[in-house]
Amino acid sequence: MDGKLIVENGKLLFIQTLMNKIIHTTDNDLEIDLKKIDRIWWHIGWFTGIINIEVNKKLVKLRCFGAKRVDKRLSAFIIP
């Protein structure tokens, strides 16, 4: 997927690009309340890193170049 990951007003947002919306017909935009995130971590994928976001025992995975750096920045917003 291709898009922007934004932290704004206490929420983590993933907003798809137009091209991604054309290719993927389902709505894959995300809005997650930062207070509901239990854990964030990353691991290495094939071509990109993968950011794992655990919310209420459910897992959201986002592929991302620079996943380690993004994980570190997002973790600062999470209250354990």
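Since this is a predicted model, take the numbers as computed values, not measurements. We number each residue from 1, following the sequence as shown.
For Asp38 (side chain) and Asn56 (main-chain N/O), a donor-acceptor pair under 3.5 Å exists by modelled atom type.
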Worksheet entry | Residues Leu62, Leu30; criterion side-chain contact (heavy atoms from CB on, under 4.5 Å); working and verdict | CA-CA 11 Å; Leu62 303 170; Leu30 294 172; 4.1 Å; yes
Worksheet entry | Test side-chain contact (heavy atoms from CB on, under 4.5 Å) applied to Lys72 and Trp42, step by step | CA-CA 9 Å; Lys72 185 176 181 179; Trp42 77 281; over 6 Å; no
Worksheet item: Given Ile37 and Leu74, is the side-chain contact (heavy atoms from CB on, under 4.5 Å) satisfied, shown in steps?
Response: CA-CA 10 Å; Ile37 296 176; Leu74 288 177; over 6 Å; no
Item to complete: Kindly indicate, with the supporting measurements, whether the criterion side-chain contact (heavy atoms from CB on, under 4.5 Å) is fulfilled by Arg39 and Asn52.
Response: CA-CA 8 Å; Arg39 188 173 142 207; Asn52 300 281; over 6 Å; no
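Interatomic distance, Lys11 NZ to Asp33 CG, rounded to the nearest 0.5 Å: 5.0 Å. Distance CH2/Trp41 to CD1/Ile51: 12.0 Å, rounded to 0.5 Å. Here the straight-line distance linking atom CD1 of Ile40 with atom CD1 of Ile32 works out to 8.0 Å at 0.5 Å rounding. In this structure, NZ in Lys58 is found 10.5 Å from NZ in Lys36, a value given to the nearest 0.5 Å.
Considering all non-hydrogen atoms of both residues, Ala67 and Ile50 come closest at CB-N, 3.9 Å. Closest of all the heavy-atom pairs between Gln16 and Asp29 is N-OD1, 2.9 Å. Residues Phe65 and Phe47 come closest through the heavy atom pair CE2-O, 3.3 Å.
Counting heavy atoms from C-beta outward, Asp2 and Ile23 have side chains that stay 4.5 Å or more apart. The shortest distance between side-chain heavy atoms of Ile44 and Lys68 does not fall below 4.5 Å.
Under the 4.5 Å side-chain heavy-atom criterion for grouping Ile, Leu, Val, Met, Phe, Trp and Tyr, Val70 is connected to Leu34 within one hydrophobic cluster. If you chain together hydrophobic residues whose side chains sit under 4.5 Å apart, Phe14 and Ile78 fall into the same group. Residues Val60 and Leu13 do not share a hydrophobic cluster, clusters being chains of Ile/Leu/Val/Met/Phe/Trp/Tyr side chains in contact below 4.5 Å. In the hydrophobic clustering of this structure, Leu12 does not group with Ile6; members are Ile, Leu, Val, Met, Phe, Trp, Tyr whose side-chain heavy atoms approach within less than 4.5 Å, directly or through other members.
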